[in-house]
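Below is one structure; the comments refer to it alone.
Convention: sequence-line order gives letters A, B, ...; per-chain numbering from 1.
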2 protein chains.
Amino acid sequence: MQNARPAKVVAMGESVGPQVYRILRERIIQAELLPGERLSESDAAKSLSVSRQPVREAFIKLSEEGLVQVLPQRGTFVTKISVASVMDVRFVREAIEADIVRVVAGDPAAETVAELRRQLAEQRKVSHDDRTGFLRLDELFHHTLAAAAGKSYAWSVIESVKAQMDRVRFLSVDDLHIGRLIEQHEKIIDGIAAGDKTAAEEAIRLHLREILTSLPEIARSRAELFDDTE
Amino acid sequence: MQNARPAKVVAMGESVGPQVYRILRERIIQAELLPGERLSESDAAKSLSVSRQPVREAFIKLSEEGLVQVLPQRGTFVTKISVASVMDVRFVREAIEADIVRVVAGDPAAETVAELRRQLAEQRKVSHDDRTGFLRLDELFHHTLAAAAGKSYAWSVIESVKAQMDRVRFLSVDDLHIGRLIEQHEKIIDGIAAGDKTAAEEAIRLHLREILTSLPEIARSRAELFDDTE
DNA sequence: AACACTTGACTTGTATGGTAGTAGGTTAGT
DNA sequence: ACTAACCTACTACCATACAAGTCAAGTGTT
């Protein structure tokens, strides 16, 4: 007898809709739910011990973020990855973050630079095969940049874009070239600290392109996870 | 007796949830529903002759887009405008569209330039006090740029940002300086046609800043529509 | 064998009842 | 007159039942 009546998964004190959303979102990003996989309002509701309604609302949010695809009367599926769409979202992220670092470099606060360098030290400590650990620090780094520029809406867009990109990173078989990424983080900080807007901008543009170098390889080795209509 | 039982407003063939979303979104952007105004699932459902559920889902989508604010057990309100948040979203739009025009200017297709110039002629024809007419052409213009760059996701972000900015433009009492805006459109096209990335970028950045020149004035004259926690 | 049809088990979409929480006005108590 | 408790009328949230569409397997017919 294993969980004929599954335990309550969601906590009290917060609406269950957003909770379901976060749970599913996390599982999709971390490739626990694979691209192409079929979901179902009823199944998810049962496994989380909630009704269909909050699950449905979570599905809607996920579909707006592009993580699932809802086909009326047919089913809901984790959206397959497509090289074109990943490059498309990366383009948006690069544009936003390029302008963000220009703002930060234009008036580099000493505390900000110190905080970024502190984070850099943390990043060097993390093991090269601890994806989750590094990605958490990476997220913190980029969030700190956005916060330093005082752009909260910009960050919310980046968060959404980052989800799509992180999904790819979780599928990479080899390490994430963490060493190189950290070096690039350092170049960004150097540019900011020197007040050199253009240098900082070029550094982060290069950085954001580097992240997806493994994409073509993944598209070949795991073609079943990719949209083949391109 | 006026509309004791209101007529069916939504059409068949498409789910009502998205329809309700579009209807409310339009009414909010065009300032028919004013910032701060109270909404209600039940009321909206009754007035549209649908059930509360699709309305609720529309509210959720609107709240993600930042057009309404849902306070659990308290009510749903059209989000008030705030100078800071409008500038925040404008920043994102500028960053994205700047990179878009650089892409387009980097490889300017003759048909694209011709299409843009054709649209420019249309814009000159529209009356200076026909807000809706001009805004539709303006949206087409910017969409054409995004499409020419092949960035569909970028456009979806712009659409969301544009909603927030257009809401302000609908509150402007005077004309929208349409003449000046059209001149700037022309400068953008010129930069693209010349293959001058930097000129095109500077032109669109200036353009997107120009759009909100009336914001401070509106914030003074219609303070009740603005968030006062800033 | 091949094709058209039916049937049934799915899917998401919509409507509705009930629950818990909030806010404001009213009434009872001091 | 003032305060505190209550009470009513709302709100969004959740659960459940029903409706409508899709798809595939199976069946009957040609």
Mind listing the side-chain donor-acceptor pairs of residues 52-61 of chain A below 3.5 Å, one per line with the distance, residues two or more places apart or on another chain?
from, atom 1, to, atom 2, distance (Å)
A:Arg52, NE, A:Glu41, OE1, 3.0
A:Arg52, NH2, A:Glu41, OE1, 2.9
A:Arg56, NE, B:Glu57, OE2, 2.7
A:Arg56, NH1, A:Glu41, OE2, 3.3
A:Arg56, NH2, B:Glu57, OE1, 3.3
A:Glu57, OE1, B:Arg56, NH2, 3.2
A:Glu57, OE2, B:Arg56, NE, 2.7

Send over the distance from [X] [atom1] to [N] [atom2], rounded to a whole Å.
| X | N | atom1 | atom2 | value |
| --- | --- | --- | --- | --- |
| A:Phe77 | C:dT12 | CZ | C1' | 11 Å |
| A:Leu71 | C:dT11 | CG | C1' | 10 Å |
| A:Arg56 | D:dT16 | CZ | P | 17 Å |
| A:Glu41 | D:dA15 | CD | C1' | 14 Å |
| B:Phe59 | D:dC13 | CZ | P | 10 Å |
| A:Tyr21 | D:dC13 | OH | P | 16 Å |

Closest nucleotide among D:dC14, C:dG13, C:dA15 to the B:Val50 side chain: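 Among D:dC14, C:dG13, C:dA15, the one nearest the side chain of B:Val50 is C:dA15.
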Side chain of A:Ser51 (C-beta onward), nearest among D:dT16, C:dG13, D:dC13: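 Of the options given, the side chain of A:Ser51 lies nearest D:dT16.
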Sugar-phosphate, base or nothing in reach of A:Leu39, heavy atoms under 4.0 Å: sugar-phosphate
Any B:Thr76 side-chain N or O less than 4.0 Å from OP1/OP2 of D:dT11: no
Output side-chain donor-acceptor pairs under 3.5 Å for residues 149-159 of chain B, partner residues at least two apart or in another chain, one line each.
from, atom 1, to, atom 2, distance (Å)
B:Ser152, OG, A:Asp88, OD2, 3.2
B:Trp155, NE1, B:His143, ND1, 3.2
B:Ser156, OG, B:Tyr153, O, 2.6

A:Glu26 side chain to A:Tyr21 side chain, donor-acceptor N/O pair below 3.5 angstrom: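 Result is no, nothing qualifies.
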Note, A:Glu224 side chain near A:Leu34 side chain (heavy atom, < 4.5 Å): no
More than 12 heavy atoms of other groups within 6.0 Å of A:Arg136 CZ: no
Under 4.0 Å protein heavy-atom contacts per nucleotide of nucleotides 17-23 of chain C, with B for base, S for backbone only and - for none: BB-BBSS
A:Thr144: which of A:Glu115, A:Glu139, A:Gln119 passes side-chain hydrogen bond (donor to acceptor under 3.5 Å, both in side chains): A:Gln119
